[in-house]
Amino acid sequence: MAALGVVYMLLGAATCPFARALGEEFWLSQSPASLLSDTATFRRYLLYDVNPPEGFNLRRDVYIRMASLLKILMKSEEWVMVLPPWGRLYHWQSPDIHQVRIPWSDFFDLESLNKNIPVMEYEDFIAENGGPFIDQIYVLQSYAEGWKEGPWEEKVDERPCLDPPLYSQDKHEYYRGWFWGYEETRGLNVSCLSVQGSASIIAPVLLENTSARSVMLDRAENLLHDHYGGKEYWDTRRSMVFAKHLRAVGDDFRSKYLNSTNKADRIPEEEDWTKMKVELGSSLGGPYLAVHLRRKDFIWGHREDVPSLEGAVKKIRSLMKTHGLDKVFVATDAVRKEYEELKKLLPEMVRFEPTWEELELFKDGGVAIIDQWVCAHARFFIGTSVSTFSFRIHEEREILGLDPKTTYNRFCGDWERTCEQPTHWKVVY
């Protein structure tokens with residue numbers, strides 16, 4: 001309990017009444033320089049963050065890039081990935097629900113992640129690190145001069161910040177920022193790196209240019225994949241197993257409303273992703289059509305690729321007839337008025353609609369995962385062009401062994417002249 005009390009005091013006045021009583025000066029009495037001086041004897045921590053407007057499914061993609069970087073670092077030193085807490089995303093708009101500082105374990109199975117790379121939650125990092133301090137923050141940015149014509153060159157350089165960093169120094173010379181909603185977190189140093197290339201180009205910087213024990217890469221989406229579509233990519237993607245409680249809810253919904261079970265649908269049930277290898281087409285899928293119909297900003301942002309509600313229903317009915325399916329599951333971000341109109345046009349549609357208690361428990365992110373899980377198990381799936389939500393479902397269906405012909409399908413705009421379908425993927429084991 002004494003050690004735990006020290007941790008609480010280090011967390012600062014923002015979260016701990018005991019620390020507030022002692023005063024903020026208690027844990028800010030050390031300078032950033034003195035905190036950095038005693039960091040060489042333990043494993044190192046890699047943290048990262050993403051541009052705030054980016055959504056849940058793009059952030060999952062950035063995790064794959066960071067995992068690739070961590071594997072390179074681990075060849076030289078002991079590193080661990082600190083998982084950035086979830087929260088305050090554009091699509092998570094349910095009112096009156098606390099949706100910040102959400103741990104990864106709410107959405108993903110940490111044991112599965114750890115079979116690929118060592119990971120830990122942010123609060124575990126605070127406890128192990130001795131406080132909410134990040135030694136070095138690198139804000140990643142593009143080059144001011146851009147990429148001109150000629151051979152592609154991968155490079156990284158410390159440069160002046162192109163935009164004012166979203167960090168400000170307090171009177172103690174600590175850097176304050178968003179830090180996933182953890183207001184007590186402090187950065188000791190902040191600098192900007194111009195990057196052009198894959199995640200691995202940062203490795204020499206972290207291994208040779210800084211001795212900081214904890215390093216955070218902000219705007220990590222500026223780094224590209226090292227092994228896009230290869231075995232390393234798929235190892236990391238396959239390790240991103242959804243949390244068991246969310247899968248259980250999705251499976252229960254399938255059973256109750258869609259007459260779908262893993263045994264009947266010939267879906268593999270191996271819990272350990274490292275032992276699961278399936279042939280594409282070996283899985284049948286549940287006796288229903290699954291639909292991801294993106295609306296909201298896609299209506300104007302990708303109007304050529306998005307059908308009207310009438311056009312979408314026409315396509316859905318055609319697919320149900322072609323594949324002999326009388327049940328249809330719909331995942332959509334349509335506003336209430338559009339959803340009610342869709343329900344009138346397609347009264348047989350089924351949708352996962354959580355109770356208030358379920359929404360408060362699962363959060364918007366958990367509900368989205370349940371939607372993806374149900375879509376991933378369908379006999380036939382059709383999604384929305386350029387949507388990362390649909391793209392993640394494509395991957396999930398590949399992992400489960402569904403026939404690609406039943407996976408890579410998308411809606412077309414009502415007046416779209418050529419309707420190119422999504423590119424086929426293949427899991428690499």
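Heavy-atom basis, side chains included; hydrogens, waters and symmetry copies ignored.
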Are side-chain heavy atoms of [X] and [Y] found at a separation under 4.5 Å?
{"X": "Trp86", "Y": "Asp106", "answer": "no"}
{"X": "Ile202", "Y": "Leu140", "answer": "yes"}
{"X": "Arg379", "Y": "His323", "answer": "no"}
{"X": "Met276", "Y": "Leu400", "answer": "yes"}
{"X": "Trp104", "Y": "Pro84", "answer": "yes"}
{"X": "His227", "Y": "Ser198", "answer": "no"}
{"X": "Leu293", "Y": "Ile382", "answer": "no"}
{"X": "Phe242", "Y": "Gln372", "answer": "yes"}

Does a side chain donor of either [X] or [Y] reach within less than 3.5 Å of an acceptor in the other side chain?
{"X": "Gln99", "Y": "Ser94", "result": "no"}
{"X": "Thr407", "Y": "Arg397", "result": "yes"}
{"X": "Asp157", "Y": "Tyr143", "result": "yes"}

Polar side-chain atom of [X] near backbone of [Y] as donor-acceptor pair, under 3.5 Å:
{"X": "Asn114", "Y": "Val119", "answer": "yes"}
{"X": "Glu396", "Y": "Trp373", "answer": "no"}
{"X": "Lys343", "Y": "Met349", "answer": "yes"}
{"X": "Asp371", "Y": "Ala331", "answer": "no"}
{"X": "Glu158", "Y": "Ser191", "answer": "no"}
{"X": "Ser214", "Y": "Tyr45", "answer": "no"}
{"X": "Arg59", "Y": "Asn51", "answer": "yes"}
{"X": "Arg294", "Y": "Val386", "answer": "no"}
{"X": "Arg44", "Y": "Leu206", "answer": "yes"}
{"X": "Ser390", "Y": "Ser387", "answer": "no"}

For the pair [X] and [Y], name the ring-plane relationship: parallel under 30°, tilted 30 to 60°, perpendicular over 60°.
{"X": "Phe329", "Y": "Tyr288", "answer": "perpendicular"}
{"X": "Phe391", "Y": "His394", "answer": "perpendicular"}
{"X": "Tyr408", "Y": "His424", "answer": "parallel"}

Exercise for the section: Answer yes or no for Arg65 and Tyr48: cation-pi contact, defined as NZ/CZ to six-membered ring centre under 6.0 Å and angle to ring axis within 45°. Expected result: no

Practice task
Test the Arg237-Trp425 pair against the cation-pi criterion, namely NZ or CZ under 6.0 angstrom from the six-membered ring centroid and within 45° of the ring axis.
Solution key: no

Handout entry: Summary of disulfide (SG to SG under 2.5 Å) pairs that have at least one residue in residues 102-195, sequence neighbours excluded
Key = Cys161-Cys192

Exercise for the section: Begin with the C-alpha distance, continue with both residues' side-chain angles, and end with the deciding distance and a verdict on salt bridge (Lys or Arg N to Asp or Glu O under 4.0 Å) for Asp135 and Arg213. Expected result: CA-CA 7 Å; Asp135 299 337; Arg213 184 183 179 193; over 6 Å; no

Handout entry: Glu270 vs Arg238, salt bridge (Lys or Arg N to Asp or Glu O under 4.0 Å): CA-CA, chis, key distance, verdict
Key = CA-CA 12 Å; Glu270 175 60 62; Arg238 290 167 63 218; over 6 Å; no

Gap separating the [atom1] atom of [X] from the [atom2] atom of [Y], nearest 0.5 angstrom:
{"X": "Gln421", "Y": "Asn409", "atom1": "CD", "atom2": "CG", "answer": "5.5 Å"}
{"X": "Ile316", "Y": "Leu345", "atom1": "CD1", "atom2": "CG", "answer": "9.5 Å"}
{"X": "Leu402", "Y": "His377", "atom1": "CG", "atom2": "NE2", "answer": "8.0 Å"}

Testing the basics here: between [X] and [Y], what is the closest heavy-atom pair and its distance to 0.1 Å?
{"X": "Val306", "Y": "Arg295", "answer": "CG1-NH1, 3.4 Å"}
{"X": "Pro268", "Y": "Val278", "answer": "CG-CG1, 3.7 Å"}
{"X": "Val367", "Y": "Pro354", "answer": "CG2-CG, 3.8 Å"}
{"X": "Gly230", "Y": "Val428", "answer": "C-CB, 4.1 Å"}
{"X": "Thr236", "Y": "Ala67", "answer": "CG2-CB, 3.7 Å"}
{"X": "Gly250", "Y": "Ile370", "answer": "CA-CG2, 4.1 Å"}

Practice task
Please report the C-alpha distance between Leu110 and Leu83 in whole Å, then the side-chain angles of each, then the deciding distance to 0.1 Å, and finally whether the side chain to side chain contact (heavy atoms under 4.5 Å, CB included) criterion is met.
Solution key: CA-CA 10 Å; Leu110 294 193; Leu83 300 167; 3.8 Å; yes

Handout entry: Contacts of Trp152 that satisfy ring pair (Phe, Tyr, Trp, His ring centres under 6.0 Å) - sequence neighbours left out
Key = Trp147

Practice task
Please report the C-alpha distance between Ile369 and Phe362 in whole Å, then the side-chain angles of each, then the deciding distance to 0.1 Å, and finally whether the side chain to side chain contact (heavy atoms under 4.5 Å, CB included) criterion is met.
Solution key: CA-CA 9 Å; Ile369 285 174; Phe362 304 147; over 6 Å; no

Handout entry: Which residues share a salt bridge (Lys or Arg N to Asp or Glu O under 4.0 Å) with Lys231, sequence neighbours left out
Key = Asp235

Handout entry: Lys/Arg-Asp/Glu bridge criterion (N-O < 4.0 Å) met for Glu269, Arg247
Key = no

Problem - Pairing of Arg392 and Asp61 as salt bridge, 4.0 angstrom limit - result: yes

Problem - Trp92 and Phe107 aromatic centres sub-6.0 Å - result: yes

Practice task
Would you sort out whether Phe179 and Tyr167 count as a ring-ring contact (aromatic ring centres under 6.0 Å, His included), showing the intermediate values?
Solution key: CA-CA 10 Å; Phe179 293 123; Tyr167 302 94; 5.5 Å; yes

Determine the sole option in [options] for which the side chain to side chain contact (heavy atoms under 4.5 Å, CB included) test with [X] is passed.
{"X": "Trp273", "options": "Leu113, Asn116, Ile399, Asp109", "answer": "Asn116"}
{"X": "Val313", "options": "Arg317, Glu310, Lys315", "answer": "Arg317"}
{"X": "Leu193", "options": "Asn222, Asn209, Val156", "answer": "Val156"}

Exercise for the section: Go through Glu145 and Arg159 one step at a time and tell me if the salt bridge (Lys or Arg N to Asp or Glu O under 4.0 Å) criterion holds. Expected result: CA-CA 12 Å; Glu145 63 273 22; Arg159 292 282 188 89; 3.5 Å; yes

Problem - Greater than 12 external heavy atoms within 6.0 Å of Lys155's NZ - result: yes

